[in-house]
Amino acid sequence: MEEELHEQVREIVKSIPAGRVATYGDVADLAKAPSPRMVGQVLNGDGHDLPWHRVLRANGTCAPHIAEEQLQRLRAEGVIDDGGKVDLRKYRWEEAVKDEDGPPSLF
DNA sequence: ACGATGACCCAAG
DNA sequence: TCTTGGGCCATCG
């Protein structure tokens, strides 16, 4: 049961709905991971059964080697990418949506 | 025990 | 907006 963290990370990623994306930092926080690095480490080891393509970096970009697959899969889910970058403010998955739809005439 | 590596993040220039 | 540097935690040789 020392693998609870390992399990948690998988659960979080699996909980991401299609057409939505989350950042490593968010998953790490939700999974109580000590650092976002561990999320990538887990995905690298046991992410074969997880929608890892729904996990992006904090700036909305994806890892170098998987970028192709990532963008392609995201597009299939309905996520539109822009020059290899995804609009987190639009597709960022938030289990407790705080406030995303800010004022149209102010930022 | 130690150094290097990795699907990362953030601040500063 | 992009690049650089430092910090981060766990695994491997």
Side-chain angles (χ1 to χ4, degrees):
Chain A
M1 39 192 158
E2 308 77 37
E3 309 293 315
E4 185 174 358
L5 173 35
H6 204 105
E7 282 271 310
Q8 278 286 34
V9 174
R10 284 169 39 166
E11 288 295 304
I12 304 299
V13 178
K14 275 194 284 191
S15 302
I16 304 174
R20 244 16 170 223
V21 296
T23 70
Y24 290 92
D26 281 5
V27 176
D29 184 46
L30 293 168
K32 307 281 198 308
S35 178
R37 280 191 112 81
M38 302 291 80
V39 179
Q41 213 75 305
V42 173
L43 287 177
N44 189 18
D46 288 312
H48 54 80
D49 276 58
L50 303 168
W52 54 268
H53 54 265
R54 287 180 195 149
V55 184
L56 324 175
R57 290 196 181 177
N59 61 323
T61 58
C62 33
H65 47 278
I66 67 176
E68 304 238 351
E69 197 83 54
Q70 186 86 7
L71 275 306
Q72 195 169 325
R73 281 192 171 210
L74 286 174
R75 272 192 186 184
E77 301 260 321
V79 177
I80 316 300
D81 60 282
D82 171 56
K85 293 177 230 176
V86 179
D87 298 350
L88 286 178
R89 59 179 186 174
K90 199 173 172 171
Y91 294 107
R92 192 172 192 180
W93 171 58
E94 304 175 272
E95 71 293 339
V97 185
K98 327 177 214 181
D99 60 298
E100 210 19 83
D101 222 73
S105 299
L106 183 62
F107 299 119

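All figures in this text were calculated on a predicted structure; none of them were measured in a lab. Below, chain A is the first sequence line, B the second, and so on; all start at residue 1.
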Out of curiosity, does Met38(A) fall in the hydrophobic cluster containing Ile12(A) (side-chain heavy atoms, cut-off under 4.5 Å, transitive links)?
no
Measure across Ser15(A) and Glu11(A) and return the closest heavy-atom pair with its distance rounded to 0.1 Å.
OG-O, 2.6 Å
Between which nucleotides of DNA chain C, read 5' to 3', does contact with chain A run, using atoms under 4.0 Å from its heavy atoms?
dC2(C) to dA10(C)
Flag the pair Asp26(A) and Arg92(A) as a salt bridge only when some basic side-chain nitrogen lies within less than 4.0 angstrom of an acidic carboxylate oxygen.
yes
For Arg73(A) and dA7(B), what is the distance between atoms CZ and P respectively, to the nearest whole Å?
17 Å
How does protein contact run along nucleotides 8-13 of chain B, one letter per nucleotide 5' to 3', with B for base contact, S for sugar-phosphate only, - for none, heavy atoms under 4.0 Å?
BSS---
Do Val27(A) and Val9(A) have side-chain heavy atoms sitting under 4.5 Å apart?
yes
Minimum heavy-atom distance Pro34(A)-Leu5(A), with the two atoms named
CD-CD2, 3.5 Å
Tell me whether Ile16(A) shares a hydrophobic cluster with Leu43(A), the cluster being built from Ile, Leu, Val, Met, Phe, Trp, Tyr side chains joined at under 4.5 Å.
yes
Would you mind reporting whether Leu56(A) and Thr61(A) have side-chain heavy atoms less than 4.5 Å apart?
no
Side-chain contact, heavy-atom cut-off 4.5 Å: Tyr91(A) with Arg54(A)?
no
